2 protein chains.
Amino acid sequence: MTAAANQSGRRPTASRRLERAGIRDVAAAAGVSITTVSDALNGKGRLPDETRSRVREVAERLGYRPSAAARTLRTGRSGLIGLTVTTYGEEPFTFTEFAYFAEMARAATSAALSRGYALVVLPASSRHDVWSNIALDGTVVIDPPDQDPLVSELYRSGVPVVSDGKPGNCPVTAWVDNDHEAAVLGILDHLSEAGARRIGLLTGTSTDTYTRLSTDAYLGWCHRVGQEPVYEAYPAHDPAAGALAADRLLARPDRPDAVYGLFDPNGTDLLAAARRYGLRVPDDLLLVCCSESDVYAGTEPPITTLSLKPRRIGTTVVNLLIDAIEGVEPGGGPDSGRLFPPRFRTAGTGPPPGTLMPTELIVRSSSERRSPRTTVSPPRPPGEV
Amino acid sequence: MTAAANQSGRRPTASRRLERAGIRDVAAAAGVSITTVSDALNGKGRLPDETRSRVREVAERLGYRPSAAARTLRTGRSGLIGLTVTTYGEEPFTFTEFAYFAEMARAATSAALSRGYALVVLPASSRHDVWSNIALDGTVVIDPPDQDPLVSELYRSGVPVVSDGKPGNCPVTAWVDNDHEAAVLGILDHLSEAGARRIGLLTGTSTDTYTRLSTDAYLGWCHRVGQEPVYEAYPAHDPAAGALAADRLLARPDRPDAVYGLFDPNGTDLLAAARRYGLRVPDDLLLVCCSESDVYAGTEPPITTLSLKPRRIGTTVVNLLIDAIEGVEPGGGPDSGRLFPPRFRTAGTGPPPGTLMPTELIVRSSSERRSPRTTVSPPRPPGEV
DNA sequence: GATTGCTGAAGATACGTTTCTCTGTGTGCC
DNA sequence: GGCACACAGAGAAACGTATCTTCAGCAATC
């Protein structure tokens, strides 16, 4: 054994045949020190270009890949971001939120990757055995319930947390949400303009922010315009309950002539209920529901939907989170770009910064009354798309 | 400074105020060694229950969370599984595969979590900077192209790789795929039974296994039953091209009276094209397409779809991968449960084990002709209603 | 001629675990 | 009384990197 082979301090075992090349092997092959290899590959230190490129060439030749685990241990950065959503059942995300979540997750994944991070999908169950097994630089939480112990612990242990959905009592680094109040008011106005006289609401029994804000906006609007509220609430995670609630709503003696459903499957359920009661849509009943699914472009009739623009939300949430991780003050103020260590931010300096994002109403025939039915639009000529 | 405080060998700095509690702190607080703490918390070693529970209680009190990075570095296991799919654009997964991918990823995530692993979604781009920054125990690859350099490198470096879709020339640990040949033959038979005389195919130009197997099955069937093949191929990643190809197919002089479309949006496109040419579905044209979307339950008429059962695939793929990671021989043979080190498996002992999974044909009105046809409607020229 | 400053790079330490090896004890057995 | 043996636990060596500190050499300055 040569002195050079031993200078690394590595145990001189002969069983290293199949192992991956480490930084030590690169150093030995290039005739430099470990420090120099690390500096050369990471673009740090003061090295002449010649040394740098030589080391890089040797590393390439040996097929050297730095150990992510070792780097994470040393630097405290894993490049991993958690994405979690409250689960009602055994699935990592709920069926009713599926389209929203899928789109949002897709955008979040893209946004993270483009900044060099990767996304890990995790269950919101507070089982530590899976969470604590993963080194996360930060976490995105979708719709955290009030006083979520998981979020609290993450935040307390210094991991930045950004939530999709305004958090109730959770301390978070930042949050992003739709302007649900404006969205509901916009829909109610839209329905009124289409001729609705009594607008009903299909809402949920849970106390999450989305349900609460939307319902409150509806009640406030009713109060202002002097309409008696007409709504049915059901546990949103139960699809069967949704169909029943839709039926109940249309079976009421004070049956509404327009309905907004807060959850994705409401449109289909309301349509089916309307059919049962012989109500024509939109002639007898105007319909809008909140959904990201394109199913409603193909129903008979097509149903107006409110899109929460999950892609925009996902992108924004991830970028806010990475800003916090990297210690960049996002605001874009005068000292934008200034670095500050996130985990040393003093707690309790007021509420966390929140961002409200607009929604989009996709108007289809279910909410457009052919008002004065003067003409029936003629069948379209073929070839027109 | 007491001797006890220094016995851990830790530098006796006073700046440890805000740091997380480490295993050393637990050991000191419990009055035992680091070894004992590790053993107590991991259920290893030989410790009396009293010691074990005392250590656990102290750890709990200090809010101790083991460092995932350190554990990964030491054990070589991260508990992380990569999930990747070929990207055609900037998105981590393609639009045409969206529903399939979303369902598959959801099932894969569930399956992984239930076995204590978490899933990381990664792009198939061979950019090392993101892949090599993450310690992966294994990877699921969806539809690897022939001789994918990414897959090759992963496999070479000892990371188990299981592919969704039979791999072309990639060395993989195992693979799972649908029985595409059986699926296509089943559809062709189904259409024949519904009265189809000339069945067309809407297929893709790419050379991936799915497209190739399906097309070959179609061609073989045509050859057997003596029908002249009628098909149009287009680049599957381009939605606009799909609509054009659907149009081309129905504009042919030898227009088919039934069509199977290999890709998700084909159903909608074919329906639109049929409408343009004044073809009634299913009376003049029988329609089936491969899709996971429930849109086709609501179209007019509802369209028969072939489901690849992505959930089943996702679950199977992940379980196979974790079996390989943990060194469990899956087959359930006589020595099932026997351990073998996966990365020492000799290469070249024949093709990797593959699993074929059945598909499901969801029959809707678009492929059910209401009555035995007595008259044959003559082909109409385009534009005529 | 001594001090300073810069360059290029090596040495050593720490990150926080897991695990292999080893050491004292009491205890049963011949 | 001596031996082996199971028990409870301690010590210390990795795992592979990043980085802080040091150091030799050399040129320029005072």
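Model, not experiment: these values are computed from the prediction. Note on naming: letters A, B, ... go to the chains in the order of the sequence lines (proteins, then strands), and numbering restarts at 1 for each one.
- Of the candidates D:dG16, C:dT17, C:dT19, C:dT17 carries the atom nearest the B:I23 side chain, counting heavy atoms from C-beta on.
- Following rounding to the nearest Å, B:R65 (CZ) and C:dT17 (C1') show an atom-to-atom distance of 16 Å.
- Counting heavy-atom neighbours within 6.0 Å of A:E50 CD, excluding the residue itself, gives a total above 12.
- For the residue pair A:T35/A:S38, the side-chain donor-acceptor check at 3.5 Å is not satisfied.
- In this structure, the CG atom of B:L41 is 16 Å from the P atom of C:dG16, given to the nearest Å.
- Panel note: side chain A:D137, backbone A:I81; no donor-acceptor pair is recorded below 3.5 Å.
- One atom, CZ of A:R54, and another, P of C:dG8, lie 13 Å apart when rounded to the nearest Å.
- Considering only side-chain N and O atoms, B:T36 lies under 4.0 angstrom from the phosphate OP1 or OP2 of D:dA10.
- The CG-C1' distance, from B:D49 to D:dA8, rounds to 13 Å in whole Å.
- Between the CZ atom of A:R77 and the P atom of C:dC15 there is a distance of 17 Å, given to the nearest Å.
- Out of D:dA18, C:dT17, D:dA12, the shortest distance to the side chain of A:R74 is found at D:dA18.
- The distance from the OG atom of B:S157 to the CZ atom of A:R65 is 8.5 Å, given to the nearest 0.5 Å.
- For B:S33 against D:dG11, a side-chain-to-base donor-acceptor contact under 3.5 Å is absent.
- In this structure, CZ of B:R46 is placed 7 Å from C1' of D:dA6, rounded to the nearest angstrom.
- Looking at heavy-atom distances under 4.0 Å, B:T75 makes contact with sugar-phosphate atoms alone, never a base.
- B:T72 comes within contact range of no nucleotide atom at all, as no heavy-atom separation falls under 4.0 Å.
- Comparing D:dG9, C:dA9, D:dT17 against the side chain of A:P48 picks out C:dA9 as the nearest.
- Among the heavy atoms of the strands lying under 4.0 Å from A:L73 is at least one base atom, whether or not backbone atoms are also near.
- Among the protein residues, A:R71 comes within range of the sugar-phosphate backbone only, with heavy atoms under 4.0 Å from sugar or phosphate atoms but none that close to a base.
- Nucleic acid contact class of A:S38 (heavy atoms, under 4.0 Å, all strands): base.
- With distances taken from any side-chain atom of A:K44 to the nucleotides D:dT19, C:dA9, C:dT19, the minimum falls on D:dT19.
- Rounded to an integer number of Å, the gap from B:I34 CD1 to C:dG16 C1' is 9 Å.
- Ion pairing between A:R115 and A:D323 holds under the 4.0 Å rule for side-chain N and carboxylate O.
- Although no hydrogens or angles enter the test, the distance criterion places no donor-acceptor pair under 3.5 Å between the side chain of A:D148 and the main chain of A:P144.
- Spacing between atom CD of B:E50 and atom P of D:dC7 amounts to 17 Å, rounded to whole angstrom units.
- Nearest-nucleotide positions on DNA chain C place A:G31 closer to the 5' end than the other of B:A70 and A:G31.
- Between A:D39 and B:T51, the residue anchored closer to the 5' end of DNA chain D is B:T51, taking for each the nucleotide with the nearest heavy atom.
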